[in-house]
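The first residue of the sequence shown is numbered 1, and numbering continues consecutively from there. Reckoned from all heavy atoms, side chains included, excluding hydrogens, waters and symmetry mates. Values in this document were obtained by computation on a predicted structure and should not be read as measured data.
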Amino acid sequence: LSGICVAVFLGNLVFPNLVGGYFAWRPWFYSSFWDPWTYWRVWGHSLAHADPEHLRNNMLLLCLVGPSCEREYGSPGVLRVSLIVS
């Protein structure tokens with residue numbers, strides 16, 4: 001998950017419209033339920049980050065809290081909660 005977030009951030013540096021076009025969920029603009037990208041944007045927005053500090057802070061929190069959550073709930077449980085919350 002961390003690697004995907006870093007890849008999206010770096011991809012946005014190379015292609016500036018990547019986050020706005022494919023990862024930003026704007027219900028007032030992309031609200032057609034017939035558009036398959038709408039369903040991707042509902043979940044995909046959690047992979048985008050505003051700046052390097054935002055990405056770093058999220059990765060730091062994941063490194064600090066993630067191992068104890070995985071020990072307590074297991075990898076499938078942490079993944080399930082991550083997907084539901086995002």
Are Leu55 and Leu10 connected, step by step, through hydrophobic side chains (Ile, Leu, Val, Met, Phe, Trp, Tyr) whose heavy atoms are closer than 4.5 Å? yes
Return the set of residues passing side chain to side chain contact (heavy atoms under 4.5 Å, CB included) with Glu72 (not counting sequence neighbours), or none when no residue passes. none
Show me the side-chain donor-acceptor pairs of residues 61-68 shorter than 3.5 Å, one per line, residues at least two apart or across chains.
| from | atom 1 | to | atom 2 | distance (Å) |
| --- | --- | --- | --- | --- |
| Ser68 | OG | Val65 | O | 3.0 |

Partners meeting side chain to side chain contact (heavy atoms under 4.5 Å, CB included) with Arg56 (sequence neighbours left out): Glu53
